[in-house]
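Please read the structure below before turning to the comments.
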Protein chains: 2
Amino acid sequence: MDNKKSEEKKPDTEALIFEAAKKVFGMKGMAGARMQEIADEAGINKALLHYYFRTKEKLFEAVFTAIFQSFFPKAMSIMVNPEISFRDKIEKFTTVYISLIQENPYIPGFMLHQLSTGGTEKIVNLFRESGIKPDFFFQQVEKEIQKKTISSVNPMHLIVNMISMCIFPFIGKPFLSTFLFQDAEAYDQFLEERKKEVPRFIINSIQKT
Amino acid sequence: MDNKKSEEKKPDTEALIFEAAKKVFGMKGMAGARMQEIADEAGINKALLHYYFRTKEKLFEAVFTAIFQSFFPKAMSIMVNPEISFRDKIEKFTTVYISLIQENPYIPGFMLHQLSTGGTEKIVNLFRESGIKPDFFFQQVEKEIQKKTISSVNPMHLIVNMISMCIFPFIGKPFLSTFLFQDAEAYDQFLEERKKEVPRFIINSIQKT
DNA sequence: GTCTATACGGTGATAGAC
DNA sequence: GTCTATCACCGTATAGAC
């Protein structure tokens, strides 16, 4: 993998470390991860980790920030885009959200550990920096209610329901894939189905009949 | 707190440790928790932890098992109870589920860490031991579909949706309470509302009109 | 049963050769 | 930039007095 034109994309140790850290931190969490394991995963030496990222904490923060920014703004920008109709919004959001996590399986692990360990400040800051204001979505919901196109729902609950149904299947993967599915393939298919099922479920619930 | 009749309920060091461990493990996870912190929380000495539970891992397992058994069977038994109508089942399940976690705030933290750390075997075993068969619920869904009382839904997605909407608000508490709510009180009220909102949301979605 | 003191291993981090 | 060797610390676990 080293034989490309060395000009254009050297195997870039930093990126190797980054990927390895994603994986290990995502699986074990900040506290459970071991620098040694990350080094092994990256196929390099432990000391090199400290050469690129001075400390474990800095490495974690770097990876966490990157992960967060790689998905959160993308998903949220859909919700606050004035050009997308309300109904499309729900469909797009769920689909994109699920797809994004499928592509970056470490996201839920990161979020979880970060949340349940109480390290909320970083998330809060990243969120603030992203400049996203959920208010617009709430206003759009209210507008739809006034237009009588949907039944009267509390926007808070609606958005929490939406996020819940998108993200939980990933969190609960080991659990679900043990009890509800035969193999990994069945689980993957289940996720694919959800891209249609979840928006349908939501729209069925709130649409005026 | 020691001045009760020493016969009836001595302050029971073991129970103290158990409670402290619940709290610390729930917040920090197995890897992040420190025996010292548990000892402090229990107001006793570090060595005593090892006297009662030989190792950190044994302590964790004991607490995890107790937590699991204190809520899972109770919630699930509702789902497979043939005497409860389908509609009541959804209402009862969501209400009981949310209430149970409200009373034992450490449950989500435990589950999360256990899930995301990959220690699924314990959960699988505990689940097996509980003797619960989710099949009955699935059958009941199919029956309702045949009776045309609900629209054609995939039972898998239905139950995953239900669990998602119940449990995620707890997982995401730090996040939600930062962005959507002013204070802890508002968050608590939100949870109370959900006991009505979630079943309503589900039933609205699947009922035949 | 409960404490203090200590042994022991693991882990993050650094020094220094190449 | 990358490695080997090593340090210093922290955290689990045990020994032993009371």
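Note on naming: letters A, B, ... go to the chains in the order of the sequence lines (proteins, then strands), and numbering restarts at 1 for each one.
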For [X] and [Y], work out which heavy atoms get closest and say how close.
{"X": "K74(A)", "Y": "S77(A)", "value": "O-OG, 2.9 Å"}
{"X": "V160(B)", "Y": "L176(A)", "value": "CG2-CD2, 4.0 Å"}
{"X": "N45(B)", "Y": "A47(B)", "value": "OD1-N, 2.8 Å"}
{"X": "V153(A)", "Y": "I145(A)", "value": "O-CD1, 3.4 Å"}

Should [X] be listed as having a side-chain N or O under 4.0 Å from OP1 or OP2 of [N]?
{"X": "T13(A)", "N": "dT2(D)", "value": "yes"}
{"X": "R54(B)", "N": "dT12(D)", "value": "no"}
{"X": "H50(B)", "N": "dT14(D)", "value": "no"}

Taking [atom1] from [X] and [atom2] from [N], how many angstroms apart are they, rounded to a whole number?
{"X": "L49(A)", "N": "dG12(C)", "atom1": "CG", "atom2": "P", "result": "9 Å"}
{"X": "N45(B)", "N": "dT4(C)", "atom1": "CG", "atom2": "P", "result": "5 Å"}
{"X": "D40(B)", "N": "dC3(C)", "atom1": "CG", "atom2": "P", "result": "12 Å"}
{"X": "E57(B)", "N": "dG10(C)", "atom1": "CD", "atom2": "C1'", "result": "16 Å"}
{"X": "F53(B)", "N": "dT14(D)", "atom1": "CZ", "atom2": "C1'", "result": "18 Å"}
{"X": "L48(A)", "N": "dG12(C)", "atom1": "CG", "atom2": "C1'", "result": "15 Å"}
{"X": "Q36(A)", "N": "dC3(D)", "atom1": "CD", "atom2": "P", "result": "12 Å"}
{"X": "I17(A)", "N": "dG1(D)", "atom1": "CD1", "atom2": "P", "result": "11 Å"}

- Message: Looking only at the side chain of Y52(A) (C-beta and beyond, no hydrogens), which of the listed nucleotides dT2(D), dT14(D), dC3(C) gets closest?
- Response: dT2(D)
- Query: Which nucleotide sits closest to the side chain of Y51(B): dT14(C), dC3(D), dT2(C)?
  - Reply: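 Between dT14(C), dC3(D), dT2(C), the one nearest the side chain of Y51(B) would be dT2(C).
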Set out, line by line, the N/O atom pairs under 3.5 Å between protein and nucleotides 15-18 of chain D.
none

Please tabulate, for the side chains in residues 192-202 of chain B, all donor-acceptor contacts under 3.5 angstrom to protein atoms that are two or more places apart in sequence or on a different chain.
residue: E192(B); atom: OE1; partner: K195(B); partner atom: NZ; Å: 3.4
residue: E192(B); atom: OE2; partner: Q102(B); partner atom: NE2; Å: 3.3
residue: E192(B); atom: OE2; partner: K195(B); partner atom: NZ; Å: 3.1
residue: E193(B); atom: OE1; partner: H157(A); partner atom: NE2; Å: 2.8
residue: E193(B); atom: OE2; partner: Q189(B); partner atom: NE2; Å: 3.0
residue: R194(B); atom: NE; partner: M165(B); partner atom: O; Å: 3.4
residue: R194(B); atom: NH1; partner: H157(A); partner atom: ND1; Å: 3.1
residue: R194(B); atom: NH1; partner: N161(A); partner atom: OD1; Å: 3.3
residue: R194(B); atom: NH2; partner: N161(A); partner atom: OD1; Å: 2.5
residue: R194(B); atom: NH2; partner: M165(B); partner atom: O; Å: 3.1
residue: K195(B); atom: NZ; partner: S99(B); partner atom: OG; Å: 3.2
residue: K195(B); atom: NZ; partner: Q102(B); partner atom: OE1; Å: 2.9
residue: E197(B); atom: OE1; partner: R200(B); partner atom: NH2; Å: 3.4
residue: E197(B); atom: OE2; partner: R200(B); partner atom: NH2; Å: 3.2

- Message: Would E144(B) and R87(B) count as a salt bridge (charged side-chain N to carboxylate O under 4.0 Å, His left out) here? Give the steps.
- Response: CA-CA 10 Å; E144(B) 296 290 326; R87(B) 198 195 172 101; over 6 Å; no
Return the polar atom pairs (N/O with N/O) between nucleotides 6-11 of chain D and the protein under 3.5 Å, or none.
residue: dG11(D); atom: OP1; partner: R34(B); partner atom: NE; Å: 3.2

- Who are the salt bridge (Lys or Arg N to Asp or Glu O under 4.0 Å) partners of E14(B), not counting sequence neighbours? none
- Message: Applying side-chain hydrogen bond (donor to acceptor under 3.5 Å, both in side chains) as the test, list every pair that has at least one member in residues 51-72 of chain B; sequence neighbours left out.
- Response: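 Not a single pair qualifies under side-chain hydrogen bond (donor to acceptor under 3.5 Å, both in side chains).
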Give the table of side-chain donor-acceptor pairs shorter than 3.5 Å for residues 134-143 of chain A, with sequence neighbours excluded, one pair per line with atom names and distance.
residue: Q140(A); atom: OE1; partner: K89(A); partner atom: NZ; Å: 2.5
residue: Q140(A); atom: NE2; partner: I84(A); partner atom: O; Å: 3.4

